[in-house]
Enquirer: 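Dumping the structure here so I can ask a few things about it.
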Protein chains: 2
Amino acid sequence: MARPAEQRPERGEAQEAFLDAAEVVFAESGFHGATTRAIAERAQANAALIHYYFGSKEALYEAVVARRAGAINDERRTRIAALHARGAVTLETILEALLRPTIALGRDPSRGGAHYARLLGHAASGTDERSRRLTGAHYNAIARVFIAEIAAIVPGLSPEDTVRGYLNAVAIGISLMAPTGRSQDLSDGALRDDDLEEIIGQAVRFLAAGIRALAKPPG
Amino acid sequence: MARPAEQRPERGEAQEAFLDAAEVVFAESGFHGATTRAIAERAQANAALIHYYFGSKEALYEAVVARRAGAINDERRTRIAALHARGAVTLETILEALLRPTIALGRDPSRGGAHYARLLGHAASGTDERSRRLTGAHYNAIARVFIAEIAAIVPGLSPEDTVRGYLNAVAIGISLMAPTGRSQDLSDGALRDDDLEEIIGQAVRFLAAGIRALAKPPG
DNA sequence: GTCTATAGTTCGATAGAC
DNA sequence: GTCTATCGAACTATAGAC
């Protein structure tokens, strides 16, 4: 390893430019469809530097994921802690703590997170080794946090249906992260992809009702 | 090793073998990650035949999608028509008509549909030209059918929220199509991936409650 | 129709100048 | 640290024997 002696090498602007560019290209084409040459071109840098900085295309991909997943899950934990501190824990506020960090990232052009949203969509639907390692490493721990929160706040919800409800929330969350224009198409332009508060509010209401319905006996 | 002449596939079966094999490999690795060699090996046939039968890797991919999407949407239309004929149209039965064909396909080992489910997951989260062409060509028409059905049966649901509800249903439907084992992981084994009626029943209940909640005024 | 062989590209990765 | 040049491998697709 030709790294400096420090354990955690500082990440300069060049590395960040590669991460930003890789996020876009991986999102557009998936892991295999993306090429290091395309990433370097978008980063306006030399392709050989990818291997110098990250070691391999695979390692670059994992760095892209780690950067966003870490920030998202840190914000989720902060929000959950704040809810407990304020005594404001409800199913709705828990769901908002789950969804807002991802959806807000996906709608903020200045942060380029819409690309990560699509990348995550690829990974969430993948069953290959890379995708499973990714979701396991970055999202299983936070999943258990939210499952515990939901179970504690919804009376009569079985452990199985708690997991079901959480996974439904995540499925909708991912589908809402990345604006695809499909909602605009299907509503003939009436539904806009960019009203953040409306999107989060309606998603929370939808999911809260769905989860509470699971807790009720059939009838 | 060459098979005996009497076991060699008849005319048409060779193409089906390629479609089956391609479905598996495309699902596992995505379009770019899949190779014609891997598809041919799984089909126990020669890779050059892919071009003889289908013209290109791209055309093979589209043939894989067309085969399943056509069958799924035909079944959906049949189910909707049957509901109207029986006078059994409710939000729940509409949602079941939407979800059952895909989820059942994904859980039926004899039909190999779990692979198509993963393939569709890739396409649904993709914004590349190929993915958009695919969803537009095969799923926009059926989407409008279901949006109209939902709007007609749920009082007070705005056109925008009807589209929202439909897209939420599709997002959850796709996430339920392919067993990923994640629900089993997160529930420590309590939630099983293979109980078809339980999965459909709980999904329908969840979605019906969510959609009806969108129709109610905030409060 | 089915095969072998290979053309023509393009890929990830690396060596080495500076 | 950053570049050019290039390697070896893998890819899709095709030509042509049979």
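Hydrogens, waters and symmetry mates are skipped; everything else that's a heavy atom, side chains included, is used.
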Enquirer: Specify the separation, in whole Å, of atom CG of B/Asn46 and atom P of C/dT2.
Expert: 10 Å
Enquirer: Rounded to whole Å, please give me the gap between CZ in B/Phe54 and C1' in D/dT14.
Expert: 18 Å
Enquirer: Do B/Glu149 and B/His84 meet the criterion of a side-chain donor-acceptor pair at a distance under 3.5 Å?
Expert: yes
Enquirer: In whole Å, I'd like the distance from the CD atom of B/Glu13 to the P atom of C/dG1.
Expert: 13 Å
Enquirer: Quick one, give me the B/S/- string for nucleotides 6-12 of chain C, reading 5' to 3', where B means a protein heavy atom under 4.0 Å from the base and S means that only happens at the primed atoms, P, OP1 or OP2.
Expert: -----BB
Enquirer: Check whether any side-chain heavy atom of B/Thr93 lies under 4.5 Å from a side-chain heavy atom of B/Val204, and answer yes or no.
Expert: no
Enquirer: Using atom types as modelled, flag every donor-acceptor pair under 3.5 Å from a side chain in residues 25-36 of chain B to any protein atom, sequence neighbours excluded.
Expert:
from, atom 1, to, atom 2, distance (Å)
B/Glu28, OE1, B/Arg118, NH2, 2.8
B/Thr35, OG1, B/Ala38, N, 3.0

Enquirer: Could you tell me how far apart B/Tyr52 (OH) and C/dG1 (C1') are, to the nearest whole angstrom?
Expert: 5 Å
Enquirer: Between D/dG1 atom P and A/Phe18 atom CZ, what is the distance in whole Å?
Expert: 13 Å
Enquirer: Under the side chain to side chain contact (heavy atoms under 4.5 Å, CB included) criterion, do B/Asp128 and B/Arg133 qualify, and how do the steps go?
Expert: CA-CA 9 Å; B/Asp128 56 298; B/Arg133 186 175 60 239; over 6 Å; no
Enquirer: Could you tell me how far apart B/Glu41 (CD) and D/dA10 (P) are, to the nearest whole angstrom?
Expert: 13 Å
Enquirer: So, using side chain to side chain donor-acceptor pair (under 3.5 Å) as the criterion, who are the partners of B/Glu197 when residues are at least two apart?
Expert: B/Arg100
Enquirer: Roughly how many Å is it from CD1 in B/Ile39 to C1' in D/dA13, rounded to a whole number?
Expert: 14 Å
Enquirer: Taking CG from B/Leu49 and P from D/dA15, how many angstroms apart are they, rounded to a whole number?
Expert: 16 Å
Enquirer: Could you give me the CA-CA distance, side-chain angles and deciding distance for A/Tyr166 and A/Val170, then say whether side chain to side chain contact (heavy atoms under 4.5 Å, CB included) is met?
Expert: CA-CA 6 Å; A/Tyr166 171 77; A/Val170 169; 3.4 Å; yes
